[in-house]
Amino acid sequence: MANVLSMYRTVKRLGIPDSQIILMLSDDVSCNSRNLFPGAVFNNKDHMLDLYGESVEVDYRGYEVTVENFIRLLTDRWDEDHPKSKRLLTNENSNIFIYMTGHGGADFLKFQDAEEIASLDIANAFHQMYEKKRYNEIFFMIDTCQANTMYSKFYSPNILACGSSEFEESSYSHHSDVELGVAVIDRFTYYSLEFLENIKDKTSNLTMKDLFDYLTFDKVHSHTGVRTDLFKRNVSDVLITDFFGNVQEIIPDLSDSDGNNIKHGINDEEDYYIEKTVLDLAIEASGNSSDVLEENKTNTLVLKENDINKYLHNTIKSGHDAANSKGEGPITWWKTLASTTNGVIFTTLCFILYKFVIVTEPKN
Amino acid sequence: MVFPATKLITLVALCVIVFIDICLASPSSLVGIESQNEIKYPFEEKLTLEPLPNNFLFASFQFLLASNDFLINKKNIDPSKFTHYTVFPKSISPILEQTDTKKLSLRFTHGLWDSKSWGKLPHNGYNSGGSGVEIWGLIEARNNTDAMSKWNQLTNQLSGLFCASIDFIDSSKTTFPSNSDVFLNNLESIPMTDPLENSLFLMRGSLANEPICTENLTPFIKLLPNREKSGIASLLDGHKVFDSFWNSMSLEVDTICSDDGICHYVLEILVETVLNVPQLLSRNKNPIPKPSTSDELRCDRSKNTDEVQCFPLPEKSNYDYHLSDLFGKKVNGNNLLSETYSKVCMVSASAENWKIFIKIGDDYFSTSDNCYNLNVDSPIDFFIETEDSSDVSVREHAPVHVSRSLTGYSQDRGGLRISFWNPSVDKNIDVVYFESLPWFMQPYLSSLSLESDANTINDELGEIIKDTYFLPAIDRKRPSHIEFQLNVPANTTITMSYQFDKPLLKYAEYPPDANHGFEIESAFIAVKGWSSDSHKKGREEIYFLRTPTLLLSLSTPDFSMPYNVIILTSTVMAMIFGMIFNMMTKRFITVQKADEIASKSKIRQLVGKLKNLKRVAS
């Protein structure tokens, strides 16, 4: 649970609003009466960093965290009543960060202690997303035993994947919190968070390669894996903030109202701007809700997506509300976009999807 | 009860504001858009603190908001006009309009209200649900099916908004309560868009023991116009609100219309919590409870006290603390939007024993009525002081105490036992008992029986149960719906019990943690005419309470892998062992050969000789 919330905290800290994060948590650890600290989940036994924070928004929780719902979320096959805030509203310009954590094994990850998702299921879902133009790039991160097997079946383009341990290798928890009686976080995620906490703001130039280099065997105690063959860019060129942060870019509008290209200087006041925001999704699956504080719970996943565009004409000030209020965000933008089709260029819309898993004692 | 009265007044105040709005609107713009300087911000907030026995403190955050005017009849709306939002949350009204919901109540409650020592529930129990999530809606629709589809839309949207699994409330968890005049007042005055075609449907659903945590508080705070940035909402922090013995968050939206079809929504948000003051104060010093060291122990010196024995003294009764010790923060000044000041009040019986001071900067001030208007924009703290914390206002006693429990121990049937205790000495009370059971509890009304502890009372069903309403369940589609009207005589305990069957579920219908059991939602009780004060009318005349939830265990298959593996391997081993054992101990030969061998065996020969002998002898 702390694993997922670590990633959630990071993406939120780097400016991705809750409306673009989908968090799945199968457990209600934080307010369970067995939690000594109501409303808090810590990443360390010093209890300094409360990951649950003051304004967490969980999109899927408890029995809603199922393999079916996760696959539906990725492929967006829902019935029409399904609320916007629980959908992954991405398009071909979106970067998605997915983090999953929980109990797993070779080619599977357990959800809810009752069912499993297979690596091929995820691979097929990703391919479906690719065919439906639901993403630009995906960064898939998984922390579970034998995690690297989970991304071995991927076959769709533009996916960067990273796992905590090799085939037939366990992932390990970081340390045990004696006062809470559980090991709260796993090594892979703990050191990822340690690295990500160093990124103070969205202007950071650290790259994915720095992150992967940071996660050495000495720290993680297992062999982390990275899969780059599907990914077109070089990882040393991929900024962390491409997936973890909400980076606003100013894009000059190069076409006039008839669609002809015209040249404008970037400082031209008549330019149209598109603000890029990031949509994150975090999901934590699994875990057996009856033993709440037990760190063995499994779990989960998350996604983060980043997306969408806010279109702003001449001024960047006006659009902030739409992104912040849950449930009404994307729609508002679509409408804005629809109503102003002239001369707007859609730029990189990033989507990030995360999935988190809690790793604990050696998991099988 | 101070609360309902003040609520009425504030509601009236809101109405007045809106009325002014209407007057100022120019005749052509019926949809309530005025020029800048006429825009009103109908928003009020109030924090009420009330000490309870045993050093508990009840804190109630109340927010009242009203929307701008709109027309109930959509056909008359001029499409070229805009609608504006001032303080009313943008996310709520589209949902209500889309689903034709005229009234919505959403309650998130957790914990046990100890009514035997704390007295009645706040607001006569109207605003708190059973443990978990409870939702009521009044929906305008053509028929039941139409209402159900709108209801599904509503629950799905709310589940996205409030971070809870409200979308699990489908038709198998939804009831149409029949005593709607008891559950709602002034039903007739609720306007309809199309009164000829449609009618109003009261619907209710609930999720027993749905976890309630910070992610549910966040959406409530986001509904407030100034979020948690200023005003009393700045105290709302999940770590403190949920570090409580009982907490309840509720949202109540009403549509209020004038005769000419101009309407507005009124939204009441309540966040209430019961804090244990000594526990919170000690948590500030030491977040993890540890045993007191020997010099901190307060022993009764009149008794034998040594290194191993200590008779503890009663808890100390004089307390003084700042509100920021309890909530971790100071009030961040007055709220910046409202036309009235944020209010903080302390309700207590004895003004001498309980004092509350406002602290601005380093200065303390007090008022005679223990009520403060926050008219500064700097951080404000409050200081509470008492000489005798047991001297608390005596809340009215609850008019009835109800307990419900499961009986029986078998896997295929069970029973429910509900007991009503009327503590009043001389007043009989009328009670509506409402229960919605999941379809996998199949009750037998024929087994309904009553017991009473008073000999003088005739235990005849008809004497006690005045009216019954029962709608049986349809498997997987509809819950059982029971409504009884009972009359509970004064100073008497009535116990009602009945039996039910537990069917088997399909394999995929078991939740992931099936062995935990199935949470059964609270029954809910409305007490009519309990009040001795005949001036109270409408919903204030009715007291609501809920029983705790139940945990029903059904026969559950063992999903665990070891069990299946053991069964399967044992079967295979038994089959193989049997075959091998047979093959090793037996030979396969033809019948003729067997006879031949048999004839050669010594025993056969002996038997043959004996037979011959017998023949000879005879």
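All figures in this text were calculated on a predicted structure; none of them were measured in a lab. Lettering of chains follows the sequences in order, A, B, ..., and the numbering in each one begins at 1. Both backbone and side-chain heavy atoms feed into the values below; hydrogens, waters and symmetry mates do not.
- Between the side chains of B/T218 and A/E57, not a single donor N or O lies within less than 3.5 Å of an accepting N or O.
- In A/K45, the NZ atom is not crowded: 12 or fewer heavy atoms of neighbouring residues, nucleotides or ligands sit closer than 6.0 Å.
- Taking CG from B/L161 and NZ from A/K84, the interatomic distance works out to 13.0 Å, rounded to the nearest 0.5 Å.
- Here the CD-CG distance, from B/E215 to A/L25, works out to 7.0 Å after rounding to the nearest 0.5 Å.
- From B/D167, atom CG reaches atom OH of A/Y60 across 8.5 Å, with rounding to the nearest 0.5 Å.
- B/R283 places no side-chain N or O within donor-acceptor distance of the main-chain N or O of A/F37, the cut-off being under 3.5 Å.
- Contact of B/F168 with chain A is made through the side chain alone, with heavy-atom distances under 4.5 Å.
- Among B/I221, B/I212, B/L217, B/N216, the residue making the largest number of heavy-atom pairs under 4.5 Å with chain A is B/N216.
- Atom CZ in A/R61 sits 4.5 Å away from atom CD in B/E210 (nearest 0.5 Å).
- In this structure, the portions of B/A164 lying under 4.5 Å from any heavy atom of chain A include both its backbone and its side chain.
- Ranked by heavy-atom pairs shorter than 4.5 Å toward chain B, the options A/S33, A/S55, A/G62 are led by A/S55.
- With no hydrogens or angles considered, a side-chain donor-acceptor pair links B/H239 and A/D50 at under 3.5 Å.
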Problem - Stepwise side chain to side chain contact (heavy atoms under 4.5 Å, CB included) test for B/I288 and A/L36 - result: CA-CA 7 Å; B/I288 294 175; A/L36 201 51; 3.9 Å; yes
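- Across A/P83, A/G53, A/A114, the residue that shares the most heavy-atom pairs under 4.5 angstrom with chain B is A/P83.
- For B/N152, the parts lying near chain A are the backbone and the side chain together; criterion is any non-hydrogen pair under 4.5 Å.
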Problem - Check against side chain to side chain contact (heavy atoms under 4.5 Å, CB included), A/K86 and B/S159 - result: CA-CA 9 Å; A/K86 295 170 91 171; B/S159 103; 3.0 Å; yes
Practice task
Could you walk me through whether B/C213 and A/Y52 pass side chain to side chain contact (heavy atoms under 4.5 Å, CB included), step by step?
Solution key: CA-CA 10 Å; B/C213 204; A/Y52 218 64; 3.8 Å; yes
Problem - Audit row: B/K240, A/E54, salt bridge (Lys or Arg N to Asp or Glu O under 4.0 Å) steps and yes/no - result: CA-CA 10 Å; B/K240 304 296 179 183; A/E54 291 174 10; over 6 Å; no
